[in-house]
Protein chains: 2
Amino acid sequence: MRLSKNLPQYKVVYEIIRKHISDGVYQKGDILPSENELCAVHQTTRPTIRKALDRLVHEGYIKKKQGKGSIVMGVPQGVGILSLSGTTSAVGQENLITEIIVKPEIRQWDTSNLAYPLLNNEEEFGCIYFERLRIMNKQPVFYDITMMPNINLRRFISRNLENKSLFNILRTMYDIEITGGEQRLMAILADKKIQEYLNVKEGHPILHINRKLETSREGFFLYSQVYCNSEKYAIFGTF
Amino acid sequence: MRLSKNLPQYKVVYEIIRKHISDGVYQKGDILPSENELCAVHQTTRPTIRKALDRLVHEGYIKKKQGKGSIVMGVPQGVGILSLSGTTSAVGQENLITEIIVKPEIRQWDTSNLAYPLLNNEEEFGCIYFERLRIMNKQPVFYDITMMPNINLRRFISRNLENKSLFNILRTMYDIEITGGEQRLMAILADKKIQEYLNVKEGHPILHINRKLETSREGFFLYSQVYCNSEKYAIFGTF
DNA sequence: TGAATTAACTTGTAAATACAAGTTTGGACG
DNA sequence: CGTCCAAACTTGTATTTACAAGTTAATTCA
């Protein structure tokens, strides 16, 4: 499965090792091949390998120890939504079911809940809007509201998002890569709608995450709001 | 102000540029000197400069653009508690007042709220325990409970933490550096005690952050729990 | 046998170099 | 005067080399 046209080598290596860990080739407590061995395997040099390992460290897959090696920590527990990855890759596709609540449609921007100001040209174009419910192990955990400017996304509203990664579609169909972003987290009380979808009682505390995602396409940002029932699945992060 | 004995060069450069940004030498929208210019200024080479800039990007101080340069974003808005820094350096010392609620004392471990299992030797030794209230702009925002094993920390309980950074004391007095850590975030309802200290009503949603911090001293971890009123100050992070 | 030392690993930091790719600027040419 | 294009920047990726510092294991010597 090729990911994209010209992925830099360190990302290729990163993806391979990452997959090996989530597939169980390397298990928790194992020690990865040394950096020099990885150089030989992947036909590259240490700085490249180290750049790949840096990412794995940052995302909690491995931990490094000088003089010893890279120790596999396993697939990060909890939900690593604080990282670059979307929900799908953060929790693993196995236990995640996505239910589309509001199919992608073009509508006006709803800036009421947005923590970030819109750019002029974004406001001119319409907004592609959809809502998704993420269910892990039969329990609803996330409620996603995604908004993105309707710029050069032909046929998007007719695509089927069910159990597919939004990021994957953007990358393969439109050649748009997520390159970074920022987010604000706060604790709120679930409103009626969220109560219903996340199956919680009135007055239940909810994690509200307001994100602005940056892409490889100049001036094209994704805005998303995630409501998370953190009772069962805490948000996890390493640093 | 020297920070530590032998800080690697890329960290020195990082600290300098970071200070320049928070001091306003470089302001929001400015473009940093090019990497080659920074090389000349700091008498080092691009890989070293880039490693310093990588950190600044990760913490939201700057944003880089190929072909253009490094654009200063300013001091990260909100509270960057998701990063490596402690609260003091994350929000700037100016507006932060720290009130000691429970002075450092040696007591048994209280594992009831701890999300991480204790190591054997940690349990054997006692626990240094203290509670602090962080007040920003006259509003209580954080309630910190910190626990750390009572191993080789002579005279710690008689030290004055008021308005001082815990990390600074550990680094200067005990030569202990924070090297990383992990955390879990969840939304909870404030209990009586938290309600009182954070000055919120019953049923108010609170961000609960459970952290385990790793240090340069082998096997020495800090455990801390932060209760945050995210109404005024959201938790902020870039990635 | 047992303890200390050494050698052979590991990762961490750093330099010097090269080229690719994106942006800006200014000059040549119509 | 305006347009196009090339040169001179910028950051991104990659290689090669070197040494420092921490860990492990084998070897040596008492």
Side-chain angles (χ1 to χ4, degrees), chain A residues 3-15 17 26 29-58 61-73 84 175 177 179-180 214-220, chain B residues 3-15 17 26 29-58 61-73 84 175 177 179-180 214-220:
Chain A
L3 285 170
S4 184
K5 293 172 290 191
N6 284 326
L7 224 45
Q9 255 196 287
Y10 73 88
K11 277 190 184 168
V12 175
V13 174
Y14 157 81
E15 291 287 357
I17 301 178
Y26 303 123
D30 288 356
I31 291 187
L32 284 190
S34 79
E35 296 180 353
N36 281 323
E37 287 177 292
L38 290 173
C39 289
V41 172
H42 297 100
Q43 281 295 302
T44 181
T45 55
R46 267 188 80 206
T48 306
I49 294 292
R50 284 177 65 78
K51 219 168 168 185
L53 294 184
D54 279 350
R55 271 183 94 131
L56 291 168
V57 168
H58 182 251
Y61 284 92
I62 64 173
K63 209 162 262 191
K64 300 178 81 172
K65 200 143 199 192
Q66 189 176 10
K68 203 168 186 183
S70 302
I71 302 140
V72 177
M73 305 305 289
L84 186 56
D175 204 37
E177 197 107 25
T179 56
E214 213 179 273
T215 69
S216 52
R217 183 187 287 181
E218 172 71 20
F220 186 80
Chain B
L3 285 169
S4 185
K5 291 171 293 196
N6 285 325
L7 225 45
Q9 257 197 284
Y10 73 89
K11 277 189 185 169
V12 175
V13 175
Y14 157 80
E15 292 287 356
I17 302 179
Y26 302 124
D30 287 357
I31 291 187
L32 284 190
S34 78
E35 295 179 353
N36 281 322
E37 287 177 292
L38 289 173
C39 290
V41 172
H42 297 100
Q43 280 295 302
T44 181
T45 54
R46 268 189 77 205
T48 305
I49 294 292
R50 285 178 65 77
K51 219 168 167 185
L53 294 184
D54 279 350
R55 269 183 96 131
L56 292 168
V57 168
H58 182 251
Y61 284 92
I62 63 173
K63 208 161 262 189
K64 299 178 82 173
K65 198 140 202 193
Q66 190 175 12
K68 203 166 185 184
S70 302
I71 302 140
V72 176
M73 305 305 288
L84 185 54
D175 206 35
E177 196 108 25
T179 56
E214 214 177 273
T215 70
S216 52
R217 185 186 286 182
E218 173 69 21
F220 186 80

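Letters A, B, ... are given to chains in the order of the sequence lines, protein chains preceding strands, and every chain is numbered from 1. All values reported here derive from a predicted model rather than from experimental measurement.
The separation between B:K63 atom NZ and D:dT10 atom C1' is 18 Å, rounded to whole Å. Distance OH (B:Y10) to C1' (C:dT11): 12 Å, rounded to an integer number of Å. Regarding B:K64, its NZ atom lies at a distance of 15 Å from the P atom of C:dT23, rounded to whole Å. Atom-to-atom, CD of A:E35 to P of D:dA20 comes out at 18 Å; the value is rounded to the nearest Å. D:dA18 atom P lies 20 Å from atom CD of B:Q9, rounded to whole Å. At whole-Å resolution of the value, CD1 in B:I31 and P in D:dC9 are 16 Å apart. Nucleotide D:dG12 holds its C1' atom 10 Å from the NZ atom of A:K11, rounded to whole Å. Between the CZ atom of A:R55 and the C1' atom of D:dG12 there is a distance of 14 Å, given to the nearest Å.
With the end axes of the helix from C:dT1-D:dA30 to C:dG30-D:dC1 each set by five pairs, the angle from one to the other reads 20° at 10° resolution.
Paired with B:R46 under the rule side-chain contact (heavy atoms from CB on, under 4.5 Å), one option of B:L53, B:N36, B:L38 passes, and it is B:N36.
Atoms CD1 and OH, from B:I17 and B:Y26 in turn, are 6.5 Å apart once rounded to the nearest 0.5 Å. A distance of 10.5 Å separates NE2 of A:H58 from OH of A:Y14, quoted to the nearest 0.5 Å. One finds the OH atom of A:Y10 at 6.0 Å from the CZ atom of A:R55 (value rounded to the nearest 0.5 Å). Taking CG of B:L32 as the reference point, atom CD1 of B:I49 lies at 10.5 Å (rounded to 0.5 Å).
At the phosphate of C:dA15, OP1 or OP2 sits under 4.0 Å from a side-chain N or O atom of B:T44.
Legend: residues meeting salt bridge (charged side-chain N to carboxylate O under 4.0 Å, His left out) with A:K11, ordered by chain and number and at least two apart, are absent. Residues meeting the side chain to side chain donor-acceptor pair (under 3.5 Å) test with A:Q9, sequence neighbours left out: none.
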What pairs of donor and acceptor atoms, side-chain ones from residues 64-73 of chain A against any protein atom, are under 3.5 angstrom apart with sequence neighbours left out?
| from | atom 1 | to | atom 2 | distance (Å) |
| --- | --- | --- | --- | --- |
| A:K64 | NZ | A:E35 | OE2 | 2.8 |
| A:K65 | NZ | B:E218 | OE1 | 2.7 |
| A:K65 | NZ | B:E218 | OE2 | 3.1 |

Anything under 3.5 Å between a protein N or O and an N or O of nucleotides 23-25 of chain D, put it in a table, one pair a line.
| from | atom 1 | to | atom 2 | distance (Å) |
| --- | --- | --- | --- | --- |
| D:dT23 | O4' | A:G67 | O | 3.4 |

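Heavy atoms of A:S34 sit under 4.0 angstrom from primed sugar atoms or phosphate atoms, though from no base atom.
For DNA chain C, the residues of residues 46-54 of chain B within the heavy-atom distance limit of 4.0 Å (strictly under) are B:R46, B:P47, B:T48, B:K51, sorted by number.
Remark: side-chain polar atoms of B:E15 are not paired, donor with acceptor, to backbone N or O of B:V12 under 3.5 angstrom.
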